[in-house]
Amino acid sequence: TGAFVALALSLLPSVPWRRRWYILTAAVVALFGFAQVYTAVDHPSDVLVSATVGVAVPLLIYRTLAPDRVFPVGRRMGKTAHLDVTGARGDAIRLTMSEQIGFDAVEVRPVGLESSAGSTPLRIADSSGNAVFAKLYSSTHLRSDRWYKLGRTLLYGRLEDEQRFNSVRRLVQHEHYMLYAFQGAGVAVNAPIGIVEITPDQEYMLVTEFLEGAVEISAVEVTNDLIDQGLELVKRLWRAGLAHRDIKPANVMVQNNQLRIIDVAFAQIRPSAWREAVDLANMMLVLAIGSSAAVVHERAQRVFTDDEIAEAFAASRGVTFPSQLRSAVQHSGRAVLDEFRQLVPDRPPVSIQRWTLRRAGLTLWVGLVTFMLVSIFVTNLRDIGLA
């Protein structure tokens, strides 16, 4: 009874799902209690007392420690990265925006959720219609970042700096600092405004300018001017010793025929030559989806040497493509990567596997933990006669 009630309070919205679950619970408990009494295992009073305690204890615990008004259970579709910004969290966002950066927010709504997996992007507007852009980070995103980096280390080794962040605060601080670094290098990004603390050590927002009227590069005609801007952007990053690490159509915006790059959460200072090459290849792929590989290659030769372009595509593999870029290339119906490789000089593929003691130790640890969990599961099944 306690398990059934706890499941309802943990996983089901208040109405009407819980009511249906409680009816099912009552039926199951009644049948089980009747069987216990009929087979003389328990007395009727045993069944009544245990059912009463089984309902009362979970209700008392949840209503005291996790009431619905504080921890509401909702049913919605979408990515787990996208937090609900209504109710108490929405009120907290409006209050902290006013207190910490002096912006009187009246409207808070998500934007661009389809291309965001590592945060909750928001458009926040005041009563005059002035809007800012914000990325909401929480401990959920911190855990996702840790698992993502652990997975990359196990599968591909240490391609570059894959150290995890220790707190949500540091995660936000990193992106805030990188925006200033990109600005200092003359790269067009959304200007940072500030960091807002919603819940200490748990939830923070990075607030930047809102690129009004900007659209993804995939939604516009890619002209020679935009191609030149994209290639020059990568060249500026190289000169400044920066890497974006997440160049994809959703992060390359066009505003008034000017190319802007956003989402520098994965950016890196003083990257490896391999990472710089990958940034160039990804930018050329983004530009070629809306144009052609031949045109992008011809324009790239004015900014980069043939060796640099060839090295970029020698370094490109499945792991180096953001998932959205990989999907966009597939939906284009063209083998864009192969088209580029036919245009550039031949280069042997750059190996992305890097074995270190850290990677070997992590792989051994994950394998051992997985083996232990599977063993415990199989043993339990055997003990109850199911295996």
Side-chain angles (χ1 to χ4, degrees), residues 69-72 74 76-142 167-184 187-217 219-220 250-265 267:
R69 68 179 183 278
V70 180
F71 301 101
R76 62 186 179 90
M77 303 299 290
K79 301 177 182 178
T80 56
H82 302 153
L83 304 176
D84 181 19
V85 292
T86 60
R89 182 180 283 116
D91 294 338
I93 290 174
R94 294 179 182 88
L95 178 63
T96 52
M97 285 286 290
S98 175
E99 291 180 345
Q100 297 178 25
I101 62 174
F103 188 87
D104 295 324
V106 296
E107 180 190 34
V108 179
R109 63 179 177 86
V111 293
L113 297 181
E114 63 279 355
S115 57
S116 173
S119 65
T120 304
L122 305 171
R123 181 185 185 273
I124 303 177
D126 62 14
S127 57
S128 302
N130 299 319
V132 295
F133 177 75
K135 294 177 70 175
L136 174 61
Y137 287 103
S138 71
S139 53
T140 300
H141 304 115
L142 182 66
S167 66
V168 184
R169 189 197 306 266
R170 291 185 180 274
L171 180 66
V172 178
Q173 284 177 346
H174 171 76
E175 186 170 356
H176 188 245
Y177 170 74
M178 293 309 303
L179 283 171
Y180 280 108
F182 272 56
Q183 273 193 326
V187 178
V189 294
N190 43 329
I193 295 175
I195 295 175
V196 173
E197 181 182 70
I198 299 174
T199 305
D201 297 322
Q202 293 185 21
E203 291 190 6
Y204 293 82
M205 280 197 316
L206 173 64
V207 183
T208 69
E209 70 168 320
F210 187 82
L211 301 181
E212 202 69 54
V215 295
E216 286 187 18
I217 193 169
V220 301
N251 289 340
V252 181
M253 310 294 288
V254 178
Q255 182 187 36
N256 299 325
N257 294 321
Q258 297 297 311
L259 191 141
R260 310 281 293 269
I261 196 161
I262 62 172
D263 195 358
V264 298

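Values reported hereafter were calculated over all heavy atoms of this structure, with side chains retained and with hydrogens, waters and symmetry mates removed. One is the number of the first residue; the rest follow in order along the sequence.
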Undergrad: Nearest heavy-atom pair of Ser119 and His141: which atoms, and what distance?
TA: CA-NE2, 3.5 Å
Undergrad: Just to verify, what does Ser127 make a side chain to side chain contact (heavy atoms under 4.5 Å, CB included) with, not counting sequence neighbours?
TA: Val106
Undergrad: Between CD of Gln202 and CD of Glu197, what distance do you get to the nearest 0.5 Å?
TA: 10.0 Å
Undergrad: Would you name the heavy atoms of Asp84 and Thr86 that are closest together and state the gap between them?
TA: OD1-OG1, 2.7 Å
Undergrad: Mind checking the CD1-CD1 spacing from Ile198 to Ile93? Nearest 0.5 Å is all I need.
TA: 4.5 Å
Undergrad: Where do Ala267 and Phe182 come nearest, in terms of heavy atoms and distance?
TA: CB-CE1, 3.7 Å
Undergrad: Less than 4.5 Å apart, any side-chain heavy atom of Arg89 and any of Leu136?
TA: yes
Undergrad: Write out all pairs satisfying side chain to side chain donor-acceptor pair (under 3.5 Å) with one or both partners inside residues 90-101, taking only residues at least two apart or from two chains.
TA: Ser98-Asp104
Undergrad: How long is the span from the CG atom in Leu171 to the CG atom in Leu142, to the nearest 0.5 Å?
TA: 6.5 Å
Undergrad: Is the shortest side-chain heavy-atom distance between Asp263 and Lys135 below 4.5 Å?
TA: yes
Undergrad: Between Gln255 (side chain) and Glu212 (backbone), is there a donor-acceptor pair under 3.5 Å?
TA: yes
Undergrad: Applying side chain to side chain contact (heavy atoms under 4.5 Å, CB included) to Ile124 and Met205, what does each step give before you reach the verdict?
TA: CA-CA 11 Å; Ile124 303 177; Met205 280 197 316; 4.0 Å; yes
Undergrad: Shortest non-hydrogen contact from Val85 to Leu122?
TA: CG1-CD2, 3.7 Å
Undergrad: Could you walk me through whether Glu203 and Val168 pass side chain to side chain contact (heavy atoms under 4.5 Å, CB included), step by step?
TA: CA-CA 7 Å; Glu203 291 190 6; Val168 184; over 6 Å; no
Undergrad: Which residues pass the side chain to side chain contact (heavy atoms under 4.5 Å, CB included) test with Ala188, sequence neighbours left out?
TA: Arg260
Undergrad: Examine distances only and state if a side-chain atom of Ser128 and a backbone atom of Asn130 form a donor-acceptor pair shorter than 3.5 Å.
TA: no
Undergrad: Considering non-hydrogen atoms only, spot the tightest contact between Ala265 and His174 and give its length.
TA: O-CD2, 3.2 Å
Undergrad: Looking at Phe210, is its backbone amide N or carbonyl O close enough to the side chain of Arg123 to form a donor-acceptor pair, meaning the two atoms are under 3.5 Å apart?
TA: no
Undergrad: State which residues pass salt bridge (Lys or Arg N to Asp or Glu O under 4.0 Å) with Arg109; sequence neighbours excluded, sorted by chain then number.
TA: Glu107
Undergrad: Taking side chain to side chain contact (heavy atoms under 4.5 Å, CB included) as the definition, give me every residue that meets it alongside His176, ordered by chain and number, with sequence neighbours left out.
TA: Tyr180, Pro192, Ile195, Leu206
Undergrad: Give the minimum heavy-atom separation between Val132 and Ile193, together with the two atoms involved.
TA: CG1-CD1, 3.7 Å
Undergrad: Which residues satisfy the ring-ring contact (aromatic ring centres under 6.0 Å, His included) test with Tyr177, sequence neighbours excluded?
TA: none
